[in-house]
Amino acid sequence: MSANRGSVKRGTGNRDLAIDATRGVAIWSMVTAHFATDAPLASPTHAFPYVDGMSAFVMLSGIVLGLVYQRWVNRYGLRFAYVRLAKRIAVLYLCQLLIALVAVAAALEGHRWLTLLLPVDGWADGIWLSVTMQYLPSGGNILLLYMVLMISAFALFPLLQRGWWAWIVAASLALYAVSLVWSPDWFYLSAYQAAPHIQNVAGWQIMFIPSVVIGWNWTRWSVPEFIDRWLIVIVAVAVTVALFFHFGVDAGPWAHLEPAIADKLDFRPARAIGAYLVIPALYGVFRLLLRWWHHDWLRPLVMTGTRSLDSYVIQAIALVVVPIHIAHRPWDTLTMQAVALLVFAVCWAWAEFRYFTHIDKLHKVPGRMAQRILPDRVVASVPPGPEPGVLTPEQPQPTGAHA
């Protein structure tokens with residue numbers, strides 16, 4: 001392979017495979033957390049206290065959103081970006097709706113314990129709760145938070161376009177500080193369960209809004225090059241903080257402080273600090289590896305990271321389907337690990353299928369099927385698709401050494 005060993009041509013543009021690999025680790029972390037909790041297979045991606053796949057998913061989504069939409073706004077204007085953003089939010093809604101409806105079906109078939117939600121009174125009630133985004137099964141509720149944070153981008157883009165990123169970061173930090181001392185009910189997303197609060201948006205936004213700013217300034221600030229230059233320091237600090245959290249708080253003399261500094265619902269500071277250290281360190285390590293390795297050595301992570309939304313939906317549905325149809329709980333350690341590997345393999349296989357069949361957008365599949373089935377004169381009447389060469393939020397341009 002050439003010197004550009006860390007990037008490959010895919011669809012409409014090159015990708016930064018280090019971002020994809022890091023997102024793949026986030027998916028792996030989610031899968032092992034949900035299917036193989038406390039098993040050896042889950043240990044590597046849960047070694048850093050208070051950092052998990054959900055944190056990485058939200059942060060990386062913010063970075064990619066800022067990185068891609070900055071180019072779209074500059075090239076095509078704010079209106080074009082708004083239309084694309086609205087379509088993306090609609091896709092997220094449909095994905096969350098699918099997860100919810102699968103959970104409703106399981107509950108009505110007597111498997112409500114898998115969802116950790118309250119009983120539903122028939123399909124009409126279940127559909128209503130799903131459509132209104134109240135039926136959010138455990139392990140499948142991140143997309144609602146993601147949708148709310150994505151909606152904030154409608155306000156962020158004009159400010160970023162004017163160069164007011166510092167004010168955005170200051171406002172994000174201020175809101176986060178407020179959430180640490182005062183969080184009214186309307187700060188929280190809720191689900192149809194006994195303890196309804198599931199995420200404090202004012203707390204969790206600290207992983208997303210500053211990340212959008214970083215992504216927006218990705219090239220101008222030379223973020224990849226900065227991480228390359230300071231990688232040893234970043235890794236050293238991350239390891240030091242991990243040791244402090246583990247031996248000082250998680251299993252140490254300050255364990256009584258854990259709810260105040262590491263609670264996940266409100267996203268306390270230990271989680272934010274950890275994520276902003278671990279994720280850049282992982283990204284930097286992957287950039288380093290991709291300079292020397294063929295990208296196929298990391299292909300499972302890269303491909304699942306490429307289709308991180310698909311992978312998330314697959315694992316969320318598997319959380320309901322697998323215990324019913326494949327392996328009944330409770331699971332022993334061997335079964336847990338086998339199921340986790342199976343689910344991740346399905347995520348990988350689906351990503352490979354979309355790659356080799358050139359299915360960049362699932363909503364285009366019916367049109368492609370029509371092109372193969374219908375006569376040429378009918379196909380000719382189908383309006384053309386989006387302008388070629390336009391990147392999607394899942395297709396960031398290459399950066400740094402991978403450009």
Using 0.5 Å steps for rounding, measure from the [atom1] atom of [X] to the [atom2] atom of [Y].
| X | Y | atom1 | atom2 | value |
| --- | --- | --- | --- | --- |
| L319 | T115 | CG | OG1 | 11.0 Å |
| I273 | Y50 | CD1 | OH | 12.0 Å |
| M59 | T22 | CE | OG1 | 10.0 Å |

Open item on the list: Keeping Q193 on the side-chain end and A195 on the backbone end, is there a donor-acceptor pair under 3.5 Å?
Closed with: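 Side chain of Q193 to backbone of A195, a donor-acceptor pair under 3.5 Å: yes, one is there.
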
Task: Donor-acceptor pair, side chain of H34 and main chain of M30, under 3.5 angstrom - done: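 Yes, the answer is positive, given that a donor and an acceptor are paired below the 3.5 Å cut-off.
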
- [ ] Check Y93 against V131 and note the closest heavy-atom contact, atom names and distance.
- [x] OH-O, 2.7 Å

- [ ] Heavy atoms only: give me the nearest Y276-I214 pair and the separation to one decimal.
- [x] CE2-CD1, 4.4 Å

Pairwise side-chain contact, [X] with [Y], heavy-atom cut-off 4.5 Å (strictly under):
| X | Y | result |
| --- | --- | --- |
| F244 | T240 | no |
| L41 | W28 | yes |
| F157 | L85 | yes |
| V212 | F208 | yes |
| L65 | M150 | yes |
| V322 | W331 | yes |
| V339 | M336 | no |

Open item on the list: Can you tell me how the ring of Y192 sits relative to the ring of Y135, calling it parallel under 30°, perpendicular over 60° and tilted otherwise?
Closed with: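 Plane angle between 30° and 60°, so tilted.
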
Open item on the list: Which label fits F80 and Y76: parallel for a plane angle under 30°, tilted from 30 to 60°, or perpendicular past 60°?
Closed with: tilted

TODO: Verify side chain to side chain contact (heavy atoms under 4.5 Å, CB included) between V120 and L108, making sure each step is shown before the conclusion.
DONE: CA-CA 7 Å; V120 291; L108 293 177; 3.4 Å; yes

Task: Derivation of the ring-ring contact (aromatic ring centres under 6.0 Å, His included) call for F35 and F344 - done: CA-CA 10 Å; F35 293 93; F344 188 79; over 10 Å; no

- [ ] Decide whether N200 and S183 meet the rule of one side-chain donor and one side-chain acceptor closer than 3.5 Å.
- [x] yes

- [ ] Could you tell me whether Y176 and F267 have their ring centroids closer than 6.0 angstrom?
- [x]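 No: the rings miss the under 6.0 Å criterion.
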
